[in-house]
Structures are given as structure tokens and as C-alpha cells.
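Below: the structure, in C-alpha cells.
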Amino acid sequence: MNSPTAARMDRSSIRLAHRATQVPPSATAALDAHAKSLIADGVDVINLTSGEPSFPTVEPAARAAVSAITEDFTRYTAAAGIPELRAAVATYLNRHNTAYEAANVVVSAGAKQALQYAFTVLLEPGDEVLIPAPYWVSYPHLVSLAGGRPIEVHPAPGNGLKITPEQVRAALTPRTRVLLLNSPANPSGVVYSHDELSELAALAVEYDLTIVSDEICDHWVYGDAEFTSVAALSPDVAQRTITIGGVSKTFAMTGWRIGWTAAPVEVAKAIAAVQSHTASAPSSISQRAALGALTTDLDAELAKRRDELDERRKTTLQAIADIPGLSLDADPQGAFFVFANVSGTYGLQTEGRTIRTAADFAELLLSQANVAVVPGADFAAPDHVRISYTVPADRLAEALSRIARFTAALSPAA
Ligand SMILES: Cc1ncc(COP(=O)(O)O)c(C=O)c1O
């Protein structure tokens, strides 16, 4: 039975702060929700919007979490995270030639919260953060919420959706404070080489910028591409870099919400202080789960998963190469996305609707072919759609043939 109070709760007399009105809900999450609600209604939608592999959480993590519960390891932990996990994260990161210790690491609720803390401790009002486009949807909002100004840095056409020092230099102002890097990148899947990152990092040193390096997809690198951790480039670079990472993507643990910052000790202390007054600490149970994942030898299992995703990536690339109207501006050697340019379908129509934008393409693909992809506008790439190849191989193959049939059925607008 509805109470009178419940009936009135769709109305509000509360005035929201400006900052709240500036933050739209995540477009990716909205699309994912739409696709899931269609699926719940019984529609056979194949959802290629998600940002997580379809694998189960690695087993040692699940086991460690169960033990944490049965042992009643269920209290607040130290604000920066349990010492064993901080040490394990440092060891884990150092396989990429960094020199972190436990004191450099703060564990938080996912890489997203780690980014939020990084910007909170770095930015004065109006400080500018250079964000290479196309970018992960949350970056500009995380910067704005911390009082900073997100500044998009667009790659030159024909440069494989990668920025170079030239574009960074052109975007610099006296207010530039942070250069954000994200390799492997969401949504483009590009992986910056050691030399490309060195050149960008050299600029940060020259102009005294802090680098925030989001390395959440460090495991997902294919073919002859190699992951480089920015803080491993040189001691000069390490002391101005905050490395962001977590267990979400590598260990299929997105729901456990464990990520981290690794940074010079003074910065780590500031981040831990912020966390102590906000989240207090991440979940004790999830921390134990992450510890289980990081301290078990999972190399063989993770390599198998990577090979599987690589197969799905190749299938997706081959299919897109064969679909007229779709093209690639970049070589996606990492993460789990192919970022397809759909501008070749502009001006074509289906059932009286003409495609003029990637958003039109995505909407019609969902309504007519039951395949959900994310249009690129919120990634600052309005002619692209992001295709996640994380779904099981048979569903991926079916989705790709649906996309092929959908585009083949498009006809020139009258
Ligand atoms: C580039 C990038 N950074 C950070 C995150 C957030 O990771 P987490 O789930 O650990 O908060 C995501 C998740 O989609 C991402 O794609």
C-alpha cells in the first residue's frame, strides 16, 4: 500500500548545487540499462555496451572473500587499505618495472574512486586537466567535480586516435596542472608504445605537470603491442605520476570495487586522509578478495582469458573490415573495445529514418537489429560507436552478423 509520503516523493523542494546539475548520468550506463531492460522484457538483445569481460571472478578471490566473512573480517580497516594488500599491489605493479612500496599505495573502491581522489588532492579551482580524446566518459566529470577544468586534446587526423606532444603543447596554458594518460585506452583500444609515452612524459617534466596514468587495462594487450607503465619510464617521471589501477578488469572483479592509486608517499598520505573522511576504507571483504587474487599465481588462467579476448577482437576486426559503411581510425591492440567509425552510413536510411549521427546508428541498430553499442558523442568522438567484444564468442558472432545485415539493408535516402 502506498503511503501518502511515498506518493509525494516524485516532487522535490530541494535546490541542487550547480555541480550536481552539471553531471549527467553516464551514457554508457544508461545504454547498458536500456539494453538490460529490453532483455528483461524477453527481447533477444545482444549487449555490446559493457566495460567488463564476461569471465567469472577468479576463484582465489571468491575463496578469500568467503574466508573473510566466516572469520568475521568485517570491520573498518586502515584508511589506506590493509597493509598486506598495499604491499601486494606494490609487488604486482612492479612487474612492470616500477619501484613502488606499500607506502605508495592507497586501496579504494575501484579505479573510479581512485581517480576521484587523485583529482581531489591535485586540483585548485580552475586548474586544467588535459584529457586525450576520445576518452572514457567519466574523466571530464571527475575533473569538474573536483573543481578542475577538463580540456580535450584531440589527436591529429590519421594518427590512429593517439595524441602526440604537438597537440599537448598546443593545449598548454598557465593553468595546466595535469596530463591524463590512459593506455590501453577506453574507448579506442589503442596502446601507446614506450617511446610515445616517453615523449608525452618528457613534456610533463618540461612543463612541471602531474601525470595521472589510468592503467586499469594493463593486462589486456594483444599481438605485438606491449604495455608500458608510465611511472617506469624514469625516476623523474615516477615522482610526478599517480598510477591508477585495480582488480576490476584483469580479475573480472568489477562488482567487488577494489582499485588503487600508487603515488609518491606524500601524495598517498593525502589520498588516504581524504579516504579516511569519505569512504573510511574500502570493503574489508573485497580487500581480502583482491589479496587472494594478487597473491595467487594466476598467470596461466589470465593468459588463457587474454587469448580468448584476442580471438574475439580478431573476429570483430575481420567482421568490421567486411561491413561497408564501417571503418577503423585506430588499431585496437588493447582493452576490449573496437571503436568503429560509422560516418560511412550517414545519409542512408532504414524504414523512413535517415542516419545522420552515430547516435542515430546506435539507436536504429538497437531497435531494428537488437544489438546495443555505445555511440561516441560522450567519448568526444561523435562519428564512432564503441563495440565491446567481451560477450561470449557465439553471441559476438551473432551480433556481428546482425550488424552486417542491418547495414546491408540500409538504402540511400530519397
Ligand atoms: C578507463 C577506465 N578507467 C577506470 C574505470 C573504472 O574502473 P573501476 O570499475 O575499477 O572503478 C573504467 C571502467 O570502466 C575504465 O574503463
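No hydrogens, no waters, no symmetry mates; every other heavy atom, side chains included, goes into these values. Start at 1 and go down the list; that is how both ligands and their atoms are numbered.
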For [atom], what is the closest protein heavy atom, and at what distance to 0.1 Å?
atom	value
atom 16 (O) of ligand 1	N186 ND2, 2.8 Å
atom 10 (O) of ligand 1	S248 OG, 2.6 Å
atom 12 (C) of ligand 1	W136 CZ2, 3.4 Å
atom 13 (C) of ligand 1	K249 NZ, 2.7 Å
atom 1 (C) of ligand 1	D214 OD2, 3.3 Å

Without hydrogens or angle criteria, can the side chains of [X] and [Y] be said to hold a donor-acceptor pair below 3.5 Å?
X	Y	result
Y100	T91	no
E52	S50	no
T57	W256	yes

message: So, regarding N182 and ligand 1 (criterion: nitrogen or oxygen to nitrogen or oxygen, under 3.5 Å), is there a contact or not?
response: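 No; every N/O pair is 3.5 Å or more apart.
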
- prompt: A293 and M253: which non-hydrogen atoms are nearest, and at how many Å?
  reply: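 Closest heavy-atom pair between A293 and M253: CB-SD, 4.1 Å.
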
message: Please find the pair of heavy atoms, one from L48 and one from I403, that lie closest to each other, and give the distance.
response: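 Smallest heavy-atom distance, with atoms named: CD1-CD1, 4.5 Å.
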
Ligand 1 versus [X], non-hydrogen atoms closer than 4.0 Å: side chain, backbone, both, neither?
X	value
Y139	side chain
R257	side chain
A111	both

message: Can you tell me if T254 contacts ligand 1 (heavy atom of the residue under 4.0 Å from the ligand)?
response: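 Contact absent.
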
message: So if I count the atoms of ligand 1 from 1 in the order they appear, which ones are less than 4.0 Å from some heavy atom of G110?
response: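 With G110 as reference, the close atoms of ligand 1 come out as 10 (O), 11 (O).
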
- prompt: Under 6.0 Å from the six-membered ring centre of F73 and within 45° of its axis: does the NZ or CZ of R288 meet both?
  reply: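 The answer is yes, since R288 meets both limits relative to F73.
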
- prompt: Within 45° of the six-membered ring axis of Y389 and under 6.0 Å from that ring's centre, is NZ or CZ of R313 located there?
  reply: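 No, R313 and Y389 do not form such a contact.
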
task: Give a yes or no on whether a salt bridge exists between E311 and R306, defined as a side-chain N under 4.0 angstrom from a carboxylate O.
output: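 Answer for the salt bridge query: no.
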
